[in-house]
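Keep in mind that what you see is a predicted model, and the values were worked out from it rather than measured.
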Amino acid sequence: MKIERDFHMMKGDDEFSYAENSRIQKRAVLAAKPIVEKAVREVCIDLHPQLMVIADLGCSFGANTLLFVSEAITTICEDHNNTIKESPMEIQFFLNDLPGNDFNHIFQSLEQFEQSTTHDCACKGLQPPAHFVAGLPGSFYSRLFPSNSVHLFHSSMSVMWLSQVPEHLDGSINEGNIHIGATTPPSVAKLYQNQFEKDFSQFLQMRCMEIVPGGRMVLTVAGRKNKDVFHAGGTTTLFELLSQGLRTLVAEGRVAKEKLDSFNIPFYCPSADELKQLVQQCELLDISDIQLLEIDGNAMDDSEQAEGISATHTAGESMSASLRAAMESLIASHFGEGILEDLFTVFARNFTSYIESDVEKSGVTVITLYLQAKH
């Protein structure tokens, strides 16, 4: 499995697409909105660039991608005659993701986005700043921009995806698990930790070359509340239930046990302390703020929850579709497409049983880091 080649959110806008199944990710974007607005204002006030360059790393596609762009434009637009005296006249947005991302979906959405942006600003008697949007394919674990060229980096729910399955995680040493599960040996959990440390350090090193002195970064990741790598709240639960689904298919003879034992998801939920330590080791960034939030882990939108029609049944199907939108490309590249329907049907059933049980439910823990590049 080669992440850069094989991994992408599910394309298009059908029922299993990421565009239709990214409500949890939307909540993470909205949760970080106050920090994003603060970062945009501070870049304008401290650096007052004539051309402000903003990069969204791991942008994916769909409404969430343009939600961030909209937040940045609105912040500048609304402050133009207030706190930001020397507002940038122009903004260049770079939307970055791996080459398999559905960039065409973004580009086809831009015309409608521009119309709604102009309309929203006009309703407030404001004029949006001149802004330009470009797609930038490539791994954010490599260099993406010229030196000292970006004023604000943003990334939401992306940097916990690793550059690869942890090094030395070979064979069946994580037998029966696809991530850090209840029966995962501590040595495997350590390999995940090591891979995240290596990747996140590399990520910061690349960005420090590209960011202007005094530039800002807002990074939101799925994380965990404590030091225990085996308990990352709702995220751990989802991967455990997906492991159960695959074990069911192995028991039915649909999947070879060796195939399951050799599949590990390249994903790691860090703690706030781990993130702090890695930023401090970098020595080129100051931590302006760090926030740990618990967001609703329900994959249904608010109107579906309010209606409450066969809620548990719908919740199982919704979570199955959300996980499938993110994971299908990796699962299909390893196991083949033939198991997808059965696997996610079993997962939906398992998830429904889980939420009907008496177990205390946990949401998704997200950590937002607000960083400033040293002058």
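Judged by distance alone, the side chain of His179 and the main-chain N or O of Thr236 form no donor-acceptor pair under 3.5 Å. A distance-only check finds no donor-acceptor pair linking the side chain of Asn264 to the backbone of Asn174 [under 3.5 Å]. A donor-acceptor pair is defined here as one N or O able to donate and one able to accept, closer than 3.5 Å; no such pair exists between the side chain of Arg23 and the backbone of Ser322. The backbone N or O of Val53 sits less than 3.5 Å from a side-chain atom of His151, completing a donor-acceptor pair. No donor-acceptor pair closer than 3.5 Å links the side chain of Asp286 to the backbone N or O of Ser288. Remark: the backbone N or O of Gly100 is paired with a side-chain donor or acceptor of Lys11 at under 3.5 angstrom. Although no hydrogens or angles enter the test, the distance criterion places no donor-acceptor pair under 3.5 Å between the side chain of Ser320 and the main chain of Gly316. Remark: the backbone N or O of Pro146 is paired with a side-chain donor or acceptor of Ser149 at under 3.5 angstrom. The closest donor-acceptor contact from the side chain of Ser70 to the backbone of Leu66 lies at 3.5 Å or more, if one exists at all. Distance alone, capped at 3.5 Å, is enough to place a donor-acceptor pair between the Ser243 side chain and the Ile178 backbone.
Side-chain contact between Pro213 and Asn148: present, with at least one pair of heavy atoms (C-beta onward) separated by less than 4.5 Å. Taking 4.5 Å as the limit, some side-chain heavy atom of Leu371 sits within range of a side-chain heavy atom of Leu219. In this structure, Leu57 and Leu144 have side chains that are in contact, with non-hydrogen atoms separated by less than 4.5 Å. Using a 4.5 Å heavy-atom cutoff, the side chains of Asn21 and Arg324 are not in contact. Contact check for Asp120 versus Thr74: no side-chain heavy atoms found under the 4.5 Å cut-off. Two residues are said to be in side-chain contact when any heavy atoms from C-beta on lie closer than 4.5 Å; Pro129 and Cys77 meet this criterion. Proximity of Met319 to Ile24: side-chain heavy atoms (C-beta onward) are separated by under 4.5 Å at one or more points. Between Val165 and Phe263 the shortest side-chain heavy-atom distance does not fall below 4.5 Å.
Nearest approach of Val229 to Ile180, heavy atoms of both residues: O-CG2, 3.8 Å. Across every non-hydrogen atom of Leu292 and Ala272, the tightest pair is CD1-CB, 4.4 Å. Scanning all heavy atoms of the two residues, the minimum distance from Asp102 to Gly12 falls at OD2-N, 2.9 Å. Heavy atoms only, all atoms of each residue included: Ala189 and Phe230 are closest at CB-CZ, 4.1 Å. The two residues Gly214 and Leu47 make their nearest non-hydrogen contact at O-CD1, 3.7 Å.
Put simply, the residue from Val40, Val43, Leu126 that forms a side chain to side chain contact (heavy atoms under 4.5 Å, CB included) with Ile76 is Val40. For the side chain to side chain donor-acceptor pair (under 3.5 Å) test with Tyr268, the passing option among Glu197, Gln195, Arg224 is Arg224; the others fail.
Criterion: ILVMFWY side-chain heavy atoms under 4.5 Å apart, direct or through other members. Under it, Leu67 and Leu95 are not part of a common hydrophobic cluster. Tracing side-chain contacts under 4.5 Å through hydrophobic residues (I, L, V, M, F, W, Y), one never reaches Leu242 starting from Val346; they form parts of separate clusters. Criterion: ILVMFWY side-chain heavy atoms under 4.5 Å apart, direct or through other members. Under it, Phe153 and Leu136 are part of a common hydrophobic cluster. Leu98 and Met10 are assigned to two separate hydrophobic clusters, defined by single-linkage of ILVMFWY side chains at heavy-atom distances under 4.5 Å. Connection of Met209 to Leu284 is not established within any shared hydrophobic cluster, with ILVMFWY side chains joined at heavy-atom distances below 4.5 Å, either directly or through further cluster members.
Phe344 is linked by a ring-ring contact (aromatic ring centres under 6.0 Å, His included) to nothing, counting only residues two or more places apart in sequence or in another chain.
The distance from the OG1 atom of Thr365 to the CG atom of Asn226 is 8.5 Å, given to the nearest 0.5 Å. In this structure, CZ in Phe196 is found 7.0 Å from CD in Glu274, a value given to the nearest 0.5 Å. Interatomic distance, Ser187 OG to Leu169 CG, rounded to the nearest 0.5 Å: 9.0 Å. Here Met157 contributes atom CE and Gln25 contributes atom CD; the two are 6.0 Å apart, rounded to the nearest 0.5 Å. Interatomic distance, Arg27 CZ to Asp296 CG, rounded to the nearest 0.5 Å: 4.0 Å. In this structure, CG on Asn194 lies 11.0 Å from CG on Leu162, to the nearest 0.5 angstrom.
For Glu175 and Lys257, the salt-bridge test passes: some basic side-chain N is under 4.0 Å from an acidic carboxylate O.
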- Query: For Cys59 and Ile106, what are the C-alpha separation, side-chain angles and deciding distance, and is it a side chain to side chain contact (heavy atoms under 4.5 Å, CB included)?
  - Reply: CA-CA 10 Å; Cys59 65; Ile106 300 174; 4.1 Å; yes
Assess the residue pair Glu20 and Glu15 against the criterion (side chain to side chain contact (heavy atoms under 4.5 Å, CB included)); give the C-alpha distance rounded to whole Å, side-chain angles, the decisive distance to 0.1 Å, and a yes or no. CA-CA 6 Å; Glu20 291 295 316; Glu15 64 173 322; over 6 Å; no
*side chain to side chain contact (heavy atoms under 4.5 Å, CB included) between Phe200 and Val279: does it pass, once the steps are laid out?*
CA-CA 9 Å; Phe200 190 63; Val279 171; 4.2 Å; yes
(message) Test side chain to side chain contact (heavy atoms under 4.5 Å, CB included) on Ile211 and Arg207; report intermediate values, then the result.
(response) CA-CA 6 Å; Ile211 200 167; Arg207 302 298 77 81; 5.6 Å; no
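With 3.5 Å as the limit, one finds a donor-acceptor pair spanning the side chains of Tyr370 and Glu42. There is no side-chain donor-acceptor pair under 3.5 Å between Gln108 and Asn104. Between the side chains of Ser60 and Asp97, no donor N or O sits under 3.5 Å from an acceptor N or O.
Annotation: salt bridge (Lys or Arg N to Asp or Glu O under 4.0 Å) contacts involving residues 44-60, sequence neighbours excluded, comprise Asp46-Arg216. Within the structure, ring pair (Phe, Tyr, Trp, His ring centres under 6.0 Å) contacts touching residues 99-132 (residues at least two apart or in different chains) are Phe61-His105.
Residues His8 and Tyr18 place their aromatic rings such that the two centres sit no closer than 6.0 Å.
Aromatic ring pairs are classed by plane angle as parallel below 30°, tilted from 30° to 60° and perpendicular above 60°; the pair Phe145 and Phe94 is perpendicular.
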